[in-house]
Amino acid sequence: MTSLLIKLFIKDYKNTEDKQVRAKYITLGSIGGVVFNIILFIIKLLAGLISNSVSVIADAFNNLSDMASSVITYIGYKLSMKPADKEHPFGHGRMEYMSATLVSALIILVGFELLKTSFEKILNPTETSFSTIAIIILVSSVLIKLYMFFFNKKLGKAVNSQALTATAFDCLGDVVSTTAVLVSAII
C-alpha cells in the first residue's frame with residue numbers, strides 16, 4: 001500500500017537525492033499522519049465516551065498529539081529548506097533535526113500526562129463498560145498504527161529523515177499502549 005501511495009503521489013519517486021522528491025516524501029508522511037491521526041482521534045474519543053474509559057480517551061488525545069507531531073515534522077522540513085542567509089551562513093538544515101527533537105519531547109510529555117491520568121484513575125476509580133464496538137475500534141486502531149509505523153519507516157528510510165523515523169517509532173509505541181488498553185479492557 002505504501003509503495004502504491006509513493007508511486008501515485010511522488011513523481012520521480014526513485015530519485016530520493018533530489019530535494020523536491022525528498023520534500024514530497026516528507027509531505028506525504030506528514031499528510032498521512034494528520035489524516036490517520038484525526039480519524040483515530042475521533043473514533044477513539046467516541047469509543048472512550050461510550051465506554052466511560054479514561055484510558056481510551058487519553059489514547060484518543062495521544063493521537064491528537066501525534067497529529068501535531070506530523071505538522072511539526074512538515075514545518076521543520078520546510079524551515080530546513082530555507083537557503084543560507086546572513087544569520088545562518090550554512091543554511092537551515094538543522095531545523096529538521098530540531099523538529100525530530102521536538103517530536104521526541106512531545107512524545108515524552110504525552111507519556112507523562114498518560115501516566116499522571118492513569119495514576120489519578122487508580123486513586124479515584126470509576127466504573128467502565130466496554131462494548132463490542134469499543135473493542136473493535138481499539139483493534140482497528142492497533143492495525144492502523146501498525147500500518148503507520150511501516151509507512152513512516154519506509155518513507156523515512158527512503159529519504160534518510162530522522163523526523164519521519166521518530167514518527168514511525170512513536171507509532172510503534174502507540175501500538176504497544178493501545179494494545180495494553182485493549183488487553184485491560186478485555187480482562
Task: Contact list for residues 154-187, test ring-ring contact (aromatic ring centres under 6.0 Å, His included), sequence neighbours left out - done: Phe149-Phe169
- [ ] Report yes if the side chains of Asn15 and Asp18 come closer than 4.5 Å at any heavy-atom pair, otherwise no.
- [x] yes
Task: Connected via hydrophobic side-chain network under 4.5 Å: Ile10 and Leu8 - done: yes
TODO: Compare every heavy atom of Val21 with every heavy atom of Lys11, then report the nearest pair and how far apart it is.
DONE: O-CG2, 3.9 Å
- [ ] Rounded to the nearest 0.5 Å, what's the gap from CG on Asp170 to CE on Met148? Could you check?
- [x] 8.5 Å
Task: OH on Tyr147 to SG on Cys171, rounded to 0.5 Å - done: 11.0 Å
TODO: State yes or no: do Leu109 and Val176 share one hydrophobic cluster built from I, L, V, M, F, W and Y residues joined by side-chain heavy-atom distances below 4.5 Å, directly or via other members?
DONE: no
Task: Heavy-atom closest contact (Ile26 atom, Ser161 atom, distance) - done: CD1-OG, 4.1 Å
Open item on the list: Pair Thr167, Lys153 - check side-chain hydrogen bond (donor to acceptor under 3.5 Å, both in side chains), show working.
Closed with: CA-CA 8 Å; Thr167 301; Lys153 187 175 179 193; over 6 Å; no
Open item on the list: Nearest 0.5 Å, please: how far is CG in Asp174 from OG in Ser65?
Closed with: 7.5 Å
- [ ] Look only at the side chain of Arg22 and the backbone of Asn160, and say whether a donor-acceptor pair between them is shorter than 3.5 Å.
- [x] yes
- [ ] To the nearest 0.5 Å, tell me how far Ile38 CD1 sits from Ile43 CD1.
- [x] 13.0 Å
Task: Of all pairs that satisfy ring-ring contact (aromatic ring centres under 6.0 Å, His included), the ones with a partner from residues 39-71, not counting sequence neighbours - done: Phe41-Phe61
TODO: Drop me the distance from Leu5's CG to Phe151's CZ, to the nearest 0.5 angstrom.
DONE: 6.0 Å
Open item on the list: More than 12 heavy atoms of other residues, nucleotides or ligands under 6.0 Å from OH of Tyr25: yes or no?
Closed with: yes
TODO: State the OG1-CG distance between Thr2 and Leu28, to the nearest 0.5 angstrom.
DONE: 8.5 Å
TODO: Mind listing the closest non-hydrogen atom pair of Tyr74 and Ser30 along with its distance?
DONE: CB-OG, 3.3 Å
Open item on the list: I want to check something: taking the side chain as every heavy atom from C-beta on, are Asn63 and Lys44 in contact at a cut-off of under 4.5 Å?
Closed with: yes
Task: Smallest separation among heavy atoms of Ser177 and Asp59, with atom names - done: OG-OD1, 3.9 Å
TODO: Indicate, with yes or no, if Val71 and Leu64 share a hydrophobic cluster defined by side-chain heavy-atom contacts under 4.5 Å among Ile, Leu, Val, Met, Phe, Trp and Tyr.
DONE: yes
Open item on the list: Less than 4.0 angstrom from a charged side-chain N to a carboxylate O is my criterion; do Lys24 and Asp12 meet it?
Closed with: no
Open item on the list: So which atom in Thr178 and which in Ser141 form the shortest heavy-atom distance, rounded to 0.1 Å?
Closed with: CG2-OG, 4.0 Å
Open item on the list: Could you see if Leu146 belongs to whatever hydrophobic cluster contains Met1? Use Ile, Leu, Val, Met, Phe, Trp, Tyr and a side-chain cutoff under 4.5 Å.
Closed with: no
Task: ILVMFWY cluster membership beyond Ile31 - transitive side-chain contacts under 4.5 angstrom - done: Val35, Ile39
Task: Cluster check Val175, Phe150: I/L/V/M/F/W/Y, side chain < 4.5 angstrom - done: yes
- [ ] Apply the test side-chain hydrogen bond (donor to acceptor under 3.5 Å, both in side chains) to residues Asn37 and Lys145: give CA-CA distance (whole Å), side-chain angles for both, the deciding distance (0.1 Å), then the verdict.
- [x] CA-CA 9 Å; Asn37 283 305; Lys145 277 296 186 170; 2.8 Å; yes
TODO: For residues Ile137 and Ala47, report the shortest heavy-atom separation together with the two atoms involved.
DONE: CD1-CB, 3.8 Å
Open item on the list: Quick one, Thr165 and Asn152 - any side-chain contact, counting heavy atoms below 4.5 Å?
Closed with: no
